[in-house]
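Basis for what follows: all heavy atoms, side chains included, without hydrogens, waters or symmetry-related copies. Numbers restart at 1 for each chain; the letters A, B, ... are given by sequence-line order, proteins then strands.
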Number of protein chains: 2
Amino acid sequence: MDRRQLKTRKAIFQAFRSLLEKKRYDHITVQEIIDEADVGRSTFYAHFETKDLLLDAMCEELFYHMFEHDPCPWVGRDADLEGKLAHILWHIRDSKNDLSGILLSDSGDLFMRYFKSHLRVVFEQHMGFFKVDVPCDFLLNHLVGSFAETVQWWIKEGMKTSPEMTAKYFMTMTETH
Amino acid sequence: MDRRQLKTRKAIFQAFRSLLEKKRYDHITVQEIIDEADVGRSTFYAHFETKDLLLDAMCEELFYHMFEHDPCPWVGRDADLEGKLAHILWHIRDSKNDLSGILLSDSGDLFMRYFKSHLRVVFEQHMGFFKVDVPCDFLLNHLVGSFAETVQWWIKEGMKTSPEMTAKYFMTMTETH
DNA sequence: TTCGTTACCGAACGCTCTGTTCGATATTTA
DNA sequence: TAAATATCGAACAGAGCGTTCGGTAACGAA
């Protein structure tokens, strides 16, 4: 990939992230993005057809490492659920892209939607763990939603508790004694 | 209130709701709303300064009855939590404003935010019921988020299970045996 | 019914943003 | 070095925004 392309792409992402912390997604204009990124108008449209597709691309990049690659050293691919969840929290806290700021922004729900769709896959692999007398799809939906809420709460509180402890809180709420 | 005002307000709300089922909130233009509502441009702005304030006003109206007034006949003000939750579900299902369609639309998250803020108050009155070893604000956040997820799941599945049964599902997930 | 009040209409306004085009310029890769 | 290509920047038509204002029609009170 041409270095110029990477540089432009990075500048746009950075500008976009910066704006997202100041105002809501649907109030951000392409004009503002290219001003902030210091990029030509036509250049922006050469990279992204629309603002929505820019959002898609950024989500792809934000969550790629968290769910697919670059695993936390102390968590293997066959870790237990609690370990995996702690890993996700660890990743959010130490993200270089200020992921926590984005998830908590006024447009956080937009990113939460992507986040949840990835979480769903994780939980699907551990459904056997939960033995409750409710419909299976209800349970899955519940777990994904609950953990997403847990993450939001955790960030809002300044991520004071450790990833491990936070994951434990969540598991406590879902335990089937 | 002047009949003309009520008629206009109703037409705008109706048009807005109709559009929300077809496309995302931030893709809806004021132009489309006034076309659909068959209302003059200046008339719209006489009622609502911005599209965001229209959203606010509509949420106010949508959730007013659910949380404050017009209680379901078989649920008193001092009902237990499960009863209150069932009442809320009952209200969503039988709403004349197609509340379920709105909550499930592409912009459902916007309305969920309002919904959750009201739910918070309800759960706050019943925190004594839950005895779990996690921080109190974590617990409250968890309950509100979980129930919101439950509602979303319920609507998506076509509201097949009864409000009572659905409330029971939820309580099952949060029981502290 | 009458009459003063008030809400609506509709056209027009300057403005901002959109998404596209194109030739000139600068950078990169081979 | 040379060919390819990414960026720039200006310009464009089109759409939406939010406001203004005079004319019209519906309203509510007497």
Side-chain angles (χ1 to χ4, degrees), chain A residues 1-61 64 97 102 105-107 109-111, chain B residues 1-61 64 97 102 105-107 109-111:
Chain A
M1 201 175 184
D2 199 313
R3 278 185 246 162
R4 290 169 293 182
Q5 285 191 53
L6 284 172
K7 198 177 144 197
T8 299
R9 192 181 166 88
K10 211 165 187 174
I12 291 175
F13 278 174
Q14 166 58 34
F16 191 35
R17 257 184 278 124
S18 165
L19 287 166
L20 276 166
E21 299 193 359
K22 292 179 205 141
K23 57 201 300 193
R24 235 171 53 189
Y25 172 75
D26 60 314
H27 287 173
I28 295 174
T29 66
V30 172
Q31 193 64 52
E32 288 171 319
I33 298 173
I34 65 184
D35 286 346
E36 176 87 18
D38 195 26
V39 151
R41 179 162 201 74
S42 53
T43 303
F44 176 90
Y45 284 105
H47 281 257
F48 308 100
E49 280 184 45
T50 66
K51 202 177 62 167
D52 283 347
L53 289 177
L54 164 61
L55 177 65
D56 282 347
M58 212 174 81
C59 284
E60 191 84 15
E61 199 160 295
Y64 181 74
N97 296 321
I102 293 173
S105 71
D106 281 339
S107 311
D109 292 347
L110 285 176
F111 297 90
Chain B
M1 203 174 182
D2 199 314
R3 280 184 247 161
R4 289 170 294 180
Q5 284 191 57
L6 285 173
K7 197 178 145 197
T8 299
R9 192 181 166 88
K10 211 165 186 174
I12 291 174
F13 278 173
Q14 166 57 35
F16 191 35
R17 256 184 279 123
S18 166
L19 286 166
L20 276 166
E21 300 194 358
K22 291 179 206 141
K23 56 202 299 194
R24 235 172 52 190
Y25 172 75
D26 60 313
H27 286 172
I28 295 173
T29 66
V30 173
Q31 193 63 53
E32 289 171 318
I33 298 173
I34 65 184
D35 286 347
E36 176 87 18
D38 194 27
V39 150
R41 181 164 198 73
S42 53
T43 303
F44 176 90
Y45 284 105
H47 281 258
F48 307 100
E49 281 184 46
T50 66
K51 201 177 62 168
D52 283 346
L53 290 177
L54 164 60
L55 177 66
D56 282 347
M58 212 174 81
C59 285
E60 190 84 15
E61 200 160 294
Y64 180 74
N97 297 320
I102 292 174
S105 71
D106 281 339
S107 311
D109 291 347
L110 286 176
F111 297 90

Considering all heavy atoms, the nearest [X]-[Y] contact:
| X | Y | answer |
| --- | --- | --- |
| Ile34(A) | Gly40(A) | CG2-O, 4.4 Å |
| Lys51(A) | Ile28(A) | NZ-O, 2.8 Å |
| Thr8(B) | Val39(B) | CG2-CG2, 4.1 Å |
| Glu36(A) | Ala15(A) | CG-CB, 3.3 Å |

Task: Sub-4.5 Å side-chain heavy-atom contact between Leu54(B) and Thr50(B) - done: no
Open item on the list: Going by side-chain hydrogen bond (donor to acceptor under 3.5 Å, both in side chains), name the residues that satisfy it together with Lys7(A), two or more places apart in sequence or in a different chain.
Closed with: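 Applying side-chain hydrogen bond (donor to acceptor under 3.5 Å, both in side chains) to Lys7(A) gives none.
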- [ ] Scan Arg3(A) against the nucleic acid and name what it touches under 4.0 Å (heavy atoms): base, sugar-phosphate only, or nothing.
- [x] sugar-phosphate
- [ ] Could you list by number each residue of residues 41-54 of chain B showing a heavy-atom separation from DNA chain D of less than 4.0 Å, or answer none if no residue does?
- [x]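 Nucleic-acid contacts, sorted: Arg41(B), Ser42(B), Tyr45(B).
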TODO: Enumerate the residues from residues 8-24 of chain A whose closest heavy atom to DNA chain D is under 4.0 Å, giving them by residue number; use none for an empty result.
DONE: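 Heavy-atom cutoff 4.0 Å gives Thr8(A).
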- [ ] Consider only side-chain N and O atoms of Asp26(A) and His27(B), and report whether a donor and an acceptor are under 3.5 Å apart.
- [x] no
Task: Bend angle of the helix from dT1(C)-dA30(D) to dA30(C)-dT1(D), from helix axes over five pairs at each end, nearest 10° - done: 50°
Task: Side-chain donor/acceptor of Glu32(A) to backbone N/O of Thr29(A), under 3.5 Å - done: yes
Open item on the list: What range of DNA chain C does chain A touch, first nucleotide to last, counting atoms under 4.0 Å from its heavy atoms?
Closed with: dC17(C) to dT29(C)
Task: For Arg9(A), all residues meeting salt bridge (charged side-chain N to carboxylate O under 4.0 Å, His left out), sequence neighbours excluded - done: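 Partners of Arg9(A) under the salt bridge (charged side-chain N to carboxylate O under 4.0 Å, His left out) test: Glu61(A).
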side-chain contact (heavy atoms from CB on, under 4.5 Å) against [X], all qualifying residues, sequence neighbours excluded:
| X | value |
| --- | --- |
| Asp106(B) | Arg24(B) |
| Leu55(B) | Phe16(B), Tyr25(B), Cys59(B), Leu110(B), Phe111(B) |
| Lys10(B) | none |

Task: Nucleotide interval of DNA chain D bounded by contacts with chain B (heavy-atom cut-off, under 4.0 Å) - done: dG16(D) to dG28(D)
- [ ] If a pair satisfies side chain to side chain donor-acceptor pair (under 3.5 Å) and one of its residues is in residues 39-49 of chain B, list it, with sequence neighbours excluded.
- [x]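 Those involving residues 39-49 of chain B are Gln31(B)-Arg41(B).
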TODO: Calculate, to the nearest 0.5 Å, the distance between atoms CZ and OG belonging to Arg17(B) and Ser105(B) respectively.
DONE: 12.5 Å
Open item on the list: Using a strict heavy-atom distance below 4.0 Å, which residues from residues 26-38 of chain A are in contact with DNA chain C?
Closed with: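 Per residue number, the list reads Thr29(A), Val30(A), Gln31(A).
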